[in-house]
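The structure displayed is predicted, hence computed values, not measured ones. In each ligand, atom 1 is the first atom listed, and ligand 1 is the first ligand listed.
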Amino acid sequence: MTDMSVKNLQYPQDWIERKKQKELISVVTCYDFLVAKWISKTDIDAILVGDSLGMVVQGNNSTLPVKLEDIIYHTKIVRRGAPNKFLIADMPYGSYQSDLSEGLRNSFRVIKETNCQALKFEGADDSTLKVIDSLVKSGFPVMGHIGLTPQSFMMMGGFRIQGKEEKQKQILLEQAKKLEDVGCFAIVLELVEKELAKEISLRLTIPTIGIGSGNQTDGQVLVIYDLLGMDPDFTPKHAKKYTNFAELGIRALQDYDKEVKNRIFP
Ligand code: KIV
């Protein structure tokens, strides 16, 4: 480490140093300019432009339809709103699974067009590990993601806690180690059984960023619309609503409608 504070995460080494110092890491997803501006004025450490945008922005029932172009579009916008934050772009389904050279071509496109500081990949199968390995060797930071990986939710039997059975537990421990060995600077643990999430976090030197995986990981990530309470109809069980923008927004829109119709506004 240089004299740069670990409080300001800018490089992969800072994340690892943060874990060493036992300082927890906060991450949120973001998809648009104005909310990115809000985040830029907080102490939140990093922003993930997640492929969750397929659900919470585009209204699909999974992340599978998200295109590379969607990630590029939203990451560029978020970068403009939060130039001061560590920015991670999520590689969407089908953009890296077919072969190494296509995975790399797509990764380099996101890097060059968005000005992000890291890419995130779901899973730890051999082909994904090869893409991650090449990117890390080329000098670009990569975040892993295991547990419930939404791009494979159908094969996993839906959005359910992972790692309850011994066999699955061993697989997740192995995947975490492989991702660390291949050079990831952090790993998202999504819906991982909480004792297992703790064990993975203890075994790794790189930080684990949990979502729905208990409070013993090295940091947390939430989908920003869940924490802001943007969806009037649905909040995932693991999320906490820190406010209720849906209620405020609907009330404001109703007030506007009434005032227009009663010639109160303008
Ligand atoms: O796409 C996403 O938002 C994610 C987080 C939930 C980790 O992958």
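Checked against ring-ring contact (aromatic ring centres under 6.0 Å, His included), F185 has the following partners two or more places apart in sequence or in another chain: W15, F86.
Residue pairs that meet the side chain to side chain donor-acceptor pair (under 3.5 Å) test with at least one member in residues 220-234, sequence neighbours left out, are T217-Q220. Residue pairs meeting the side chain to side chain donor-acceptor pair (under 3.5 Å) criterion with at least one member in residues 42-55, sequence neighbours excluded: R18-D45, S26-D45, Y31-S52, D51-Q151.
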Give every pair made of an N or O atom of ligand 1 and a protein N or O atom lying under 3.5 Å apart, one pair per line with both atom names and the distance to 0.1 Å, or write 'none'.
unit_1   : atom_1 : unit_2 : atom_2 : d
ligand 1 : 1 (O)  : D51    : N      : 3.1
ligand 1 : 1 (O)  : D51    : OD1    : 3.0
ligand 1 : 1 (O)  : S52    : N      : 3.0
ligand 1 : 1 (O)  : S52    : OG     : 3.4
ligand 1 : 1 (O)  : D90    : OD2    : 3.2
ligand 1 : 3 (O)  : S52    : OG     : 2.5
ligand 1 : 8 (O)  : K120   : NZ     : 3.1

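Rounded to the nearest 0.5 Å, atoms CD (E180) and CD (Q175) are 14.0 Å apart.
Look at E102 and R105 and you find no salt bridge, because none of the NZ, NE, NH1 or NH2 atoms lies under 4.0 Å from a carboxylate O. Of the charged side-chain nitrogens involved, none lies within less than 4.0 Å of a carboxylate oxygen, so that E165 and K169 do not count as a salt-bridged pair.
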